[in-house]
Undergrad: 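Please find one structure pasted underneath; my questions will follow.
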Amino acid sequence: MTVLIVEDERTLARELGIFLHQQNFTCTVARTAREAREQLADTPFDFVLLDLGLPDGDGLQLLAEAKQNEITAAFIVLTARGAVEDRISGLELGADDYLAKPFSLPELLARMHAITRRRFGLHKPLVNCGAFHLDLQSRRVLFEDEEVGLSVKEFDVLSYLVLHKNRVLTRLQLTEHIWGNLPASGFDSNYIDAHIKNLRKKLSQYSEVEWLETVRGVGYRVKQ
């Protein structure tokens with residue numbers, strides 16, 4: 001999934017980016033409120049990690065604007081402000097969670113996983129898809145007790161489609177969420193088509209994959 005890190009402290013922003021990249025998130029960093037506004041206007045992020053003390057404005061104002069503009073990303077406030085009033089303000093404005101600095105990176109990851117489960121109505125990280133089971137935390141696809149060998153990007157494409165089951169996702173939507181915001185000149189629908197072809201080939205060795213549908217001229221859908 002895609003993450004916007006809104007943090008002016010370069011060391012922390014770098015640590016967050018490295019850690020989340022290792023967990024297969026695609027990260028973008030904004031060091032000012034202005035940069036964050038521009039990124040949010042251009043890219044449909046899944047998560048925003050938001051520092052409140054930005055050099056050109058208050059993160060709470062940025063949060064309020066994002067909610068007014070119906071930005072659908074999950075916001076986690078990361079700040080040195082530990083006062084109860086600040087936490088209440090952030091949550092009332094629509095933040096999904098709050099972590100006071102310093103915080104544990106594994107705890108942040110666990111909270112992101114918890115938010116993902118809540119948003120998609122999951123009670124556990126295991127999702128059924130046809131005859132297959134997707135473990136979103138360990139990033140594995142299982143058929144009965146056997147693991148299906150998928151590449152990182154193949155799993156990313158499949159899991160994103162499964163989380164949005166019964167919804168048609170365009171090739172551009174999938175590309176932006178898997179590879180981040182690409183300029184129009186860099187978009188190539190073959191990125192997605194090739195991964196879907198490989199997914200079908202690998203999964204069909206175990207069971208039928210008629211649930212992975214091509215919507216002609218639009219994109220793909222997992223139908224359940």
Side-chain angles (χ1 to χ4, degrees), residues 1-4 20 23-27 40 42-48 69-75 96 109-182 184 186-224:
M1 290 188 172
T2 52
V3 182
L4 176 62
L20 292 174
Q23 308 303 319
N24 298 295
F25 289 89
T26 299
C27 298
L40 288 170
D42 292 338
T43 306
F45 290 98
D46 297 298
F47 283 94
V48 177
N69 293 328
E70 299 183 346
I71 300 296
T72 60
F75 280 76
D96 295 85
L109 181 63
R111 290 180 182 238
M112 294 172 76
H113 284 157
I115 290 171
T116 299
R117 290 195 297 272
R118 290 200 302 270
R119 286 203 156 202
F120 293 100
L122 306 176
H123 301 293
K124 53 185 179 180
L126 201 66
V127 183
N128 296 329
C129 186
F132 299 90
H133 306 287
L134 276 71
D135 190 324
L136 299 177
Q137 285 190 202
S138 67
R139 295 177 56 83
R140 298 188 303 159
V141 175
L142 303 172
F143 177 77
E144 296 179 349
D145 293 328
E146 186 174 355
E147 182 175 354
V148 180
L150 300 183
S151 71
V152 170
K153 292 305 181 185
E154 288 166 358
F155 182 89
D156 289 341
V157 171
L158 180 60
S159 62
Y160 199 71
L161 282 165
V162 169
L163 287 174
H164 293 86
K165 62 182 179 181
N166 298 318
R167 173 184 167 189
V168 179
L169 297 179
T170 68
R171 292 172 175 82
L172 180 57
Q173 285 176 316
L174 287 164
T175 300
E176 287 181 336
H177 276 278
I178 304 306
W179 282 274
N181 190 30
L182 295 176
F187 172 66
D188 185 348
S189 63
N190 288 332
Y191 292 153
I192 296 300
D193 294 340
H195 285 296
I196 294 292
K197 180 179 179 181
N198 289 337
L199 277 169
R200 284 184 171 137
K201 181 178 179 180
K202 291 181 178 180
L203 295 173
S204 63
Q205 295 177 12
Y206 298 86
S207 179
E208 296 294 329
V209 289
E210 68 277 358
W211 44 266
L212 181 53
E213 295 186 331
T214 299
V215 180
R216 190 175 299 277
V218 182
Y220 297 96
R221 169 177 57 193
V222 164
K223 186 176 180 180
Q224 291 189 313

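Every value quoted in this text rests on a predicted model; they were computed, and no experiment measured them. Values below: every heavy atom of this structure, side chains too, minus hydrogens, waters and symmetry copies.
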Undergrad: Can a donor-acceptor pair be found, under 3.5 Å and without considering hydrogens, that links the side chain of S204 to the backbone of K201?
TA: yes

Undergrad: Hey, does F132 have a side-chain heavy atom less than 4.5 Å from the side chain of V209?
TA: yes

Undergrad: Working to the nearest 0.5 angstrom, can you tell me the gap between E146 CD and Q205 CD?
TA: 10.0 Å

Undergrad: First locate atom CD1 of I192, then atom CG of L174, and finally report the distance between them rounded to the nearest 0.5 Å.
TA: 4.5 Å

Undergrad: Who passes side chain to side chain donor-acceptor pair (under 3.5 Å) against S138, sequence neighbours left out?
TA: D135, R140

Undergrad: Using a 4.5 Å cut-off on heavy atoms from C-beta on, say whether the side chain of F25 contacts that of L109.
TA: yes

Undergrad: What pairs with K165 under side chain to side chain contact (heavy atoms under 4.5 Å, CB included), at least two apart in sequence or on another chain?
TA: V222, Q224

Undergrad: Going by the rule side chain to side chain contact (heavy atoms under 4.5 Å, CB included), which residues pair with N24 if we only count those two or more places apart in sequence or in a different chain?
TA: R139, V152

Undergrad: Side chains of L161 and I196: closer than 4.5 Å at any heavy-atom pair?
TA: yes

Undergrad: Kindly write out the residues that satisfy side chain to side chain donor-acceptor pair (under 3.5 Å) with N166, not counting sequence neighbours, or none if the list is empty.
TA: none

Undergrad: Is the closest side-chain heavy-atom distance between L203 and V141 below 4.5 Å?
TA: yes

Undergrad: Take a 6.0 Å sphere around CD of E210 and say whether it holds more than 12 heavy atoms from other residues, nucleotides or ligands.
TA: yes

Undergrad: So, applying side chain to side chain contact (heavy atoms under 4.5 Å, CB included) with C27, which one of V3, T2, L4 is it?
TA: V3

Undergrad: With sequence neighbours left out, write down each residue that passes side chain to side chain contact (heavy atoms under 4.5 Å, CB included) with E154, or none if nothing qualifies.
TA: L150, S151, H195, N198, L199, K202

Undergrad: With D46, which residues qualify under salt bridge (Lys or Arg N to Asp or Glu O under 4.0 Å), at least two apart?
TA: none

Undergrad: Only counting residues at least two apart or in another chain, list the ones meeting ring-ring contact (aromatic ring centres under 6.0 Å, His included) with Y206.
TA: F143

Undergrad: Among all residues two or more places apart in sequence or in another chain, which pass the side chain to side chain donor-acceptor pair (under 3.5 Å) test with T214?
TA: R200

Undergrad: I'd like to check the side chain to side chain contact (heavy atoms under 4.5 Å, CB included) partners of R167; sequence neighbours left out, ordered by chain and number.
TA: H164, L169, Q173

Undergrad: Are side-chain heavy atoms of L136 and L163 found at a separation under 4.5 Å?
TA: yes

Undergrad: Can you give me the closest heavy-atom contact between L134 and C129, atom names plus distance?
TA: CD1-CB, 4.0 Å

Undergrad: How close do R171 and Y220 get, heavy atom to heavy atom, and via which atoms?
TA: NH2-OH, 3.6 Å

Undergrad: Is a donor on one side and an acceptor on the other found under 3.5 Å between the side chain of D96 and the backbone of F75?
TA: yes

Undergrad: State which residues pass salt bridge (Lys or Arg N to Asp or Glu O under 4.0 Å) with R221; sequence neighbours excluded, sorted by chain then number.
TA: E213

